[in-house]
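The chain is numbered in sequence order, starting from 1. All values reported here derive from a predicted model rather than from experimental measurement. The analysis underlying the following values was restricted to heavy atoms, covering all of them including side chains, and did not include hydrogens, waters or symmetry mates.
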Amino acid sequence: MSSPAYDLVTPEGRERLAAADPHNVVRLILPHVPPVAGRPGDDSVQRSAEQSARTLRQWQADGVLARDADPALWVYEMRPADGTPATVGWLGAVALPPAGSRAVLPHEDTYPVAVEGRRALLAATGTDLEPIVLAHDPDPEVPLLTEAARGTEPTLHVADADGVQHRLWRVTDPGLVRGLVGALGRTGAVIADGHHRFAAARANESRAPGAPGAGALLALLTPMGPGGLTVRGIHRVVPDLPLADAVTAAAAGFAVTDVPVGDDGTAAAVQRWLGDPSEEGFLLSDGARLVRLGSPSAQVRACVPPEAPAAWRRLDVVLAHHGLLQALWGRPDDPESVLVAHTVQEALAGAAARHGVAVLLRGPSPADVAAVARTGARMPRKSTLFVPKPRTGLVLRPHAD
């Protein structure tokens with residue numbers, strides 16, 4: 001009954017998951033509520049949340065979901081199919097830090113409509129339906145405790161569609177839990193995934209202070225650096241913008257170069273280009289032709305706020321956001337004007353289907369992300385894709401007993 005995180009599920013993917021299993025968690029995180037004639041459009045957010053809450057209650061009554069009798073933490077291992085090292089972290093409730101605290105640092109902007117949708121869902125269900133992901137600073141005791149907890153057979157073991165093996169160990173040993181809480185309590189963390197859910201938890205707490213469970217949220221804590229997550233870029237799709245027009249406008253601020261597309265197609269050419277560390281800039285495509293933008297002009301660089309930290313100003317996604325999308329193309333930053341795509345294939349298909357342009361970006365390094373977060377700056381929304389991703393639906397956190 002597991003699924004990817006809600007923001008990685010396309011409408012088509014949502015229908016496939018829901019059709020494959022009447023108890024797939026996608027029915028909770030992305031409930032389907034048809035519009036009702038005569039009702040205001042924003043009414044659907046609340047109705048969707050209420051639908052999710054009814055489904056959750058029914059699954060609990062039917063025994064589809066089993067509540068653990070005792071509190072626990074979970075070791076969570078994600079082992080990719082390509083043989084790269086596994087990412088191992090700890091899953092459990094993390095207290096929401098007080099205002100002004102630097103214990104948990106965001107690195108991306110959020111979109112208010114998306115935050116409100118997650119907040120309404122959280123308030124209606126009284127349950128953390130999926131974890132956020134935090135990358136924590138190193139502590140020498142954490143890996144020792146992690147290995148000690150993995151000395152038995154895992155409690156859960158599932159594989160996702162990408163071949164990633166997800167193994168979880170339920171941990172209740174008081175001494176081990178106490179040691180881990182102390183070790184992680186000495187570290188700070190950066191939000192790797194879940195900025196909207198983190199903001200929703202904060203908003204929910206402010207609306208219902210003191211409510212059971214509202215002062216914390218479910219999180220997977222992974223180490224920053226070795227043994228942790230890797231970062232990929234999230235691409236943009238600008239609908240209804242012919243590539244020729246996009247290139248003409250972009251040429252006012254960038255050097256424009258066509259990139260050859262071989263017999264294996266545009267997606268393969270993009271992957272080769274993104275994998276070449278000697279290349280700079282970013283790519284444009286309508287799904288067929290491929291164009292590189294490089295050597296941004298002083299005019300383009302001037303579009304990036306000069307008072308921002310250097311770690312933020314040098315990022316490709318910032319230059320594309322401020323210098324290209326807003327300054328040269330005149331596109332506002334909203335989900336209708338600028339779509340996001342998590343894979344090259346999704347971006348190219350989206351550009352072709354929407355008669356627009358894909359902006360194909362490299363991801364920043366984990367060090368870049370941490371540097372931006374520690375200065376208090378924020379990247380544009382949906383700038384980073386940390387992988388691998390935990391599955392939604394394996395562990396839920398109810399707020400009340």
Do side-chain atoms of [X] reach the backbone of [Y] as a donor and acceptor pair under 3.5 angstrom?
X      : Y      : value
Arg301 : Gly323 : no
Thr84  : Asp82  : no
His196 : Ala114 : no
Glu279 : Trp273 : no
Ser52  : Leu28  : yes
Trp329 : Ala249 : no

Are [X] and [Y] close enough for a salt bridge, meaning some N to O gap below 4.0 Å?
X      : Y      : value
Lys382 : Asp7   : yes
Asp368 : Arg314 : yes
Arg47  : Glu50  : no

Assess the side chains of [X] and [Y]: does a donor N or O sit below 3.5 Å from an acceptor N or O?
X      : Y      : answer
Gln51  : Arg54  : yes
Arg197 : His195 : no
His355 : Asp286 : no

Subject >> Greater than 12 external heavy atoms within 6.0 Å of Gln345's CD >> reply: yes
Original post:
Taking the six-membered ring of Tyr6, is NZ or CZ of Arg118 closer than 6.0 Å to its centre and within 45° of its axis?
Top reply: yes
**OP:** Taking the six-membered ring for Trp and the single ring otherwise, decide whether the centroids of His166 and Trp74 are under 6.0 Å apart.
**Re:** no
Subject >> Residue pair Thr155, Arg170: steps toward the side-chain hydrogen bond (donor to acceptor under 3.5 Å, both in side chains) verdict >> reply: CA-CA 6 Å; Thr155 310; Arg170 187 169 181 269; over 6 Å; no
Subject >> ring pair (Phe, Tyr, Trp, His ring centres under 6.0 Å) partners of His23, counting only residues at least two apart >> reply: Trp59
